[in-house]
Amino acid sequence: MHKCVRPKTVTEIENCFEFTISSEDIVKRKPDPEAYLKALEMLNRTAKVAPSECIVTEDSSEGILSAKRAGFYTIGVTNTTDAKKLWDT
């Protein structure tokens, strides 16, 4: 695990994580679960983790649907989408 204390730059933020997944790493976009399944695959390189042991935070209906399709627990964050719309996903 990386030590991360108050990162101030993009590089410092990236160094807080063992890996990141971006649109460059996947073919299918949300609500397809490819991004979350790819992240799970990368997590499982160092430890065996089941989707049910993970929590995803998302601020879009497509993202929540994607995470659910991959088998992850999800938390909807109401930054850009109405709470009811997220709840109904």
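Starting from 1, each residue takes its place in the sequence as its number.
In this structure the side chain of Ile55 reaches within 4.5 angstrom of the side chain of Ile75, judged on heavy atoms.
In this structure, Cys54 and Leu43 approach most closely via the heavy-atom pair SG-CD1, 4.4 Å.
Note that the CD1 atom of Ile64 and the NZ atom of Lys68 stand 6.5 Å from one another [nearest 0.5 Å]. Rounded to the nearest 0.5 angstrom, Lys38 NZ and Phe19 CZ are separated by 10.0 Å. The distance from the OG1 atom of Thr20 to the CG atom of Asp25 is 6.5 Å, given to the nearest 0.5 Å.
Pairs of residues two or more places apart, or lying in two chains, never qualify as ring-ring contact (aromatic ring centres under 6.0 Å, His included) while including a residue from residues 45-64. Every pair passing ring-ring contact (aromatic ring centres under 6.0 Å, His included) that includes a residue from residues 49-82 is listed here, sequence neighbours excluded: Tyr36-Phe72. Listed by first and then second residue, the ring-ring contact (aromatic ring centres under 6.0 Å, His included) pairs that reach into residues 43-70 come to none, sequence neighbours excluded. Within the structure, side chain to side chain donor-acceptor pair (under 3.5 Å) pairs that include any residue of residues 42-55 do not occur (at least two apart or interchain).
With sequence neighbours excluded, the residues satisfying side-chain hydrogen bond (donor to acceptor under 3.5 Å, both in side chains) with Ser61 are Thr89. Residues meeting the salt bridge (charged side-chain N to carboxylate O under 4.0 Å, His left out) test with Lys84, sequence neighbours left out: Asp88. Every residue meeting the side-chain hydrogen bond (donor to acceptor under 3.5 Å, both in side chains) condition with Lys30, not counting sequence neighbours, appears here in chain and number order: Glu58. Residues satisfying the side-chain contact (heavy atoms from CB on, under 4.5 Å) criterion with Arg29, sequence neighbours excluded, are Ser23. For Ile26, the side-chain contact (heavy atoms from CB on, under 4.5 Å) partners are Ile21, Glu34, Ala35, not counting sequence neighbours. The side-chain contact (heavy atoms from CB on, under 4.5 Å) test applied to Thr9 returns Thr11, Glu12, not counting sequence neighbours.
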* To do: Dump the intermediate steps for side chain to side chain contact (heavy atoms under 4.5 Å, CB included) on Val49 and Leu40, then the final yes or no.
  => CA-CA 7 Å; Val49 179; Leu40 185 65; 4.3 Å; yes
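Side-chain atoms of Ser66 come within 3.5 Å of backbone N or O of Asp32 as a donor-acceptor pair.
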